[in-house]
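Per chain, numbering begins at 1; letters A, B, ... match sequence-line order.
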Protein chains: 2
Amino acid sequence: MPVLVMKFGGTSVATLDRIRRAAKRVGVEVAKGYDVIVIVSAMSGETNKLVGFVNETSPFYDAREYDAVVSSGENVTAGLMALTLQEMDVPARSWQGWQVPLLTTSAHGAARIEEIPTDNINAKFGEGMRVAVVAGFQGISPEGRITTLGRGGSDTTAVAFAAAFEAERCDIYTDVDGVYTTDPRICDKARKLEKIAFEEMLELASLGAKVLQTRSVELAMRYKVKLRVLSSFEEPSDAAGTLVCAEELIMESKVVSGVAFSRDEAKVTLVTIEDRPGIAASIFGTLAEAGVNVDMIVQNISEKNYQGHKEGVTDMTFSCPVDQLKRAEKALEAARDSGALVFDRLETETEVAKVSVVGIGMRSHAGVAAKMFQTLAQEGINIKVIATSEIKISVLVDRKYMELAVQALHDAFELEKA
Amino acid sequence: MPVLVMKFGGTSVATLDRIRRAAKRVGVEVAKGYDVIVIVSAMSGETNKLVGFVNETSPFYDAREYDAVVSSGENVTAGLMALTLQEMDVPARSWQGWQVPLLTTSAHGAARIEEIPTDNINAKFGEGMRVAVVAGFQGISPEGRITTLGRGGSDTTAVAFAAAFEAERCDIYTDVDGVYTTDPRICDKARKLEKIAFEEMLELASLGAKVLQTRSVELAMRYKVKLRVLSSFEEPSDAAGTLVCAEELIMESKVVSGVAFSRDEAKVTLVTIEDRPGIAASIFGTLAEAGVNVDMIVQNISEKNYQGHKEGVTDMTFSCPVDQLKRAEKALEAARDSGALVFDRLETETEVAKVSVVGIGMRSHAGVAAKMFQTLAQEGINIKVIATSEIKISVLVDRKYMELAVQALHDAFELEKA
């Protein structure tokens, strides 16, 4: 029988009633003839409670014990989901990570999946079991210890199961009903996308559209797993949600698929820094060691250089999450004090936001950047930094203009039209 | 290094603070030179919450899923205890049942321990680990599913580990500071016992002194595991608590060690039942099928028989928990209706209590029964039923006299004196 993977996040299994509602959806797919693998998260709030216990017990905890503690919430949901399905006369049983076994590396707290042997679960499918309920987010290390997969671990578990069992599709049930052209709370013309390419979803995910974890999309792209994102709070239908799939399955892709944004950015400029080979490596090596996630990087022509006052110097600008700004400043100043870096001063700005347009069509379509800059200029929005990739153009603007920029770009690229 | 087993119940690990307090006690034993195996229960309230979830989900649940769900509370405590010990620089790690592995039967919800291989944990002790924290109450079936051991499962886990690792002692930390001659809430002269024999403890446990589960005492007796019951809320000392041990380790045992009682008894008499071989088997077979736990059984001489009115008839009296009385009546009346049993009528009494004196010394000491009956007679307490074993004499009395009976017997046998 064809296999379907269905993943339910914490809010979709937050209460026994919601577990029942989720189980009904599983029952519908079983009735269609699928053998179903259900991946569950912990009931919402549970994992946070457990993480809180660990942090309070031990600020610098042993990650192996952390994993043993925080993985237990998923075990509870898996058992309850199996019982609920049995009550509906659907043959089901639960599996904990070590029972599958879902084999991972030993990188506790952020383990990577190595292999998912399919024999145990397939044997049970062969005996008439119709649903394997698997505790998400967890696996077992070569040493026999419980591991967890880190942020987005349950989405990743679901996609990995879909790949291993060659599932027809992987449905991710969450509290939003799909992927939108932009955030509907900011732009009321935002439209739900029926389909989106993996590459676009990756750009949107990492830009702040919190629907799917980047890691699960990467994995789906690598193994060509059809991912569907849909709400567990809506009536089910075949057209529900958004299908994330390979580019070639999307017949007519628009040039721009969506507008993403991120509020919590900070901009840092090192003014008048010597312009020599290796200088970028020194700066960003220093920042990486300090654990700063640098996003956009721009090397400007130094004003001073431009005016001919100085030779061989430049300005370097980058952006990072605003809550890492202090750490970045400290690391750079320490490097200056030690003589590792030479620069005049640091300029920082915290009231900035990043706005990006994303679309696979850009690769074969010129003029997107021009249209974007023109649209922002018409609204009187000044661009502070520009960064581009093959399928994305991002700009840093004053945070107060962020909503306006998103709305104007949404209009300009006619994203409200299907 | 000598091994010590320490078990902490739900109230002893109810909060992170209490876990820290328990860990300090473990640290003290490690400092003395012991390798320690710690058995933990779930934080108090957790298991009840999970059992509630299961019952609400599925009234006739799959016991395998029940076990997968309700065992998770212990996993949390085990990890947190290991982390707490590590914070105190005590090398420790947690073990879930399947990791040990604690091998059990497949009787989910009430599995029996089959074997505890010591290799894995001993290997870690060999590498310098000083404390193995084991999640109590759980094991793994031959089919690789998680099992739980049922009521008192954590005490039983502790004793089984002590037996497998030939531990010097098994310390059970609970919310009472030891075993008393009787319940101090009923008799203010009650005295804590320094030592008690396994057999006596078994009688006391099954008679309602809720300190240790019967099953763990049976296991300790079989493997000659020295058990110590002590409070985790008192300052530690070597004289703390009560040692439950083999008779021969108690130099001077008193004739009577304690007075036990049970409030929730009911008395049932089948009046004028035919007196033929097999009649007791019919009655108690019927009751066993109905799930009634019969305690005391007395076959009286029927008054009618005694007065010569009838031949070949008798009266049969038994006691059972008061909440099983309805079930008992229903089963016996159904047996009468079907013709399986013939009797005149059922007489029931619910306002009764059982009071027992327990002591190993009774075996070699006559006159205990006489003294007990005399004491009760002096207080004007009528005895309804008498039952005896080698080391125990139990009587059923009106419930209103229960406290008085306990106090009078405690005085008569001078239990306040050490």
Side-chain angles (χ1 to χ4, degrees), chain A residues 13 15-17 19-20 23 42-43 46-47 49-50 52-88 91-96 98-101 120 124 133 135 138 140 143-146, chain B residues 13 15-17 19-20 23 42-43 46-47 49-50 52-88 91-96 98-101 120 124 133 135 138 140 143-146:
Chain A
V13 293
T15 63
L16 299 186
D17 251 8
I19 291 177
R20 252 187 301 275
M43 294 164 95
E46 278 303 306
T47 303
K49 185 187 84 180
L50 297 172
F53 281 163
V54 170
N55 283 326
E56 200 182 324
T57 299
S58 179
F60 304 99
Y61 52 71
D62 176 347
R64 296 166 297 190
E65 300 299 344
Y66 171 96
D67 283 355
V69 171
V70 305
S71 59
S72 70
E74 279 74 11
N75 295 345
V76 171
T77 327
L80 293 176
M81 175 64 86
L83 285 168
T84 307
L85 287 162
Q86 291 175 357
E87 278 294 302
M88 295 163 46
R93 75 157 270 198
S94 71
W95 302 81
Q96 297 185 5
W98 60 272
Q99 289 176 316
V100 172
N120 287 338
K124 290 288 167 189
V133 186
Q138 57 175 252
I140 180 171
E143 295 79 27
R145 302 292 300 259
I146 292 167
Chain B
V13 293
T15 63
L16 299 186
D17 250 6
I19 291 177
R20 251 187 302 275
M43 294 164 96
E46 277 304 305
T47 304
K49 186 187 82 179
L50 297 172
F53 281 164
V54 170
N55 283 325
E56 200 182 325
T57 300
S58 179
F60 305 98
Y61 51 72
D62 176 346
R64 295 167 297 192
E65 300 299 345
Y66 171 96
D67 283 354
V69 172
V70 304
S71 59
S72 69
E74 278 75 10
N75 295 345
V76 171
T77 327
L80 293 176
M81 175 64 86
L83 286 168
T84 307
L85 287 162
Q86 290 175 358
E87 277 296 301
M88 295 163 42
R93 75 158 268 198
S94 71
W95 302 81
Q96 299 186 3
W98 60 272
Q99 290 176 316
V100 172
N120 288 339
K124 291 288 166 190
V133 186
Q138 58 176 252
I140 180 172
E143 295 79 27
R145 303 291 298 261
I146 293 165

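Inter-residue side-chain proximity for B:Leu85 and B:Val133 is flagged as met; some heavy-atom pair is nearer than 4.5 Å. Between B:Val54 and A:Leu80 the shortest side-chain heavy-atom distance falls below 4.5 Å. For the pair A:Val70 and A:Gln138, the minimum side-chain heavy-atom distance is 4.5 Å or more.
Judged purely by atom type and a 3.5 angstrom limit, B:Glu46 has no side-chain atom pairing as donor or acceptor with the backbone of B:Gly73.
The residue among B:Val69, B:Thr77, B:Ile19, B:Asn120 with the most heavy atom pairs within less than 4.5 Å of chain A is B:Val69. With chain A as the partner, the residue from B:Arg145, B:Arg64, B:Gln86 showing the most heavy-atom pairs under 4.5 Å is B:Arg145. Per-residue counts of heavy-atom pairs under 4.5 Å with chain B were compared for A:Gln99, A:Arg93, A:Gln96, A:Glu56; the largest is that of A:Arg93. Most heavy-atom pairs under 4.5 Å with chain A, from the set B:Ala68, B:Ser94, B:Ser72: that is B:Ser94.
Here B:Arg20 pairs with B:Asp17 under the side-chain hydrogen bond (donor to acceptor under 3.5 Å, both in side chains) rule; sequence neighbours left out. Every residue was checked against the ring-ring contact (aromatic ring centres under 6.0 Å, His included) condition with B:Phe53, not counting sequence neighbours, and none meets it.
Proximity to chain A is limited to the side chain of B:Leu50, based on heavy atoms less than 4.5 angstrom apart. With a threshold of 4.5 angstrom between heavy atoms, A:Met43 approaches chain B through side-chain atoms but not through N, CA, C or O. Interface remark: A:Ile140 contributes side-chain atoms only to the contact with chain B (heavy atom separation under 4.5 Å). With a threshold of 4.5 angstrom between heavy atoms, A:Leu83 approaches chain B through its backbone and through its side chain. Both the backbone and the side chain of A:Ile146 come within less than 4.5 Å of a heavy atom in chain B.
Going from atom CG of B:Asn55 over to atom CZ of B:Phe60 covers 10.5 Å, rounded to the nearest 0.5 Å.
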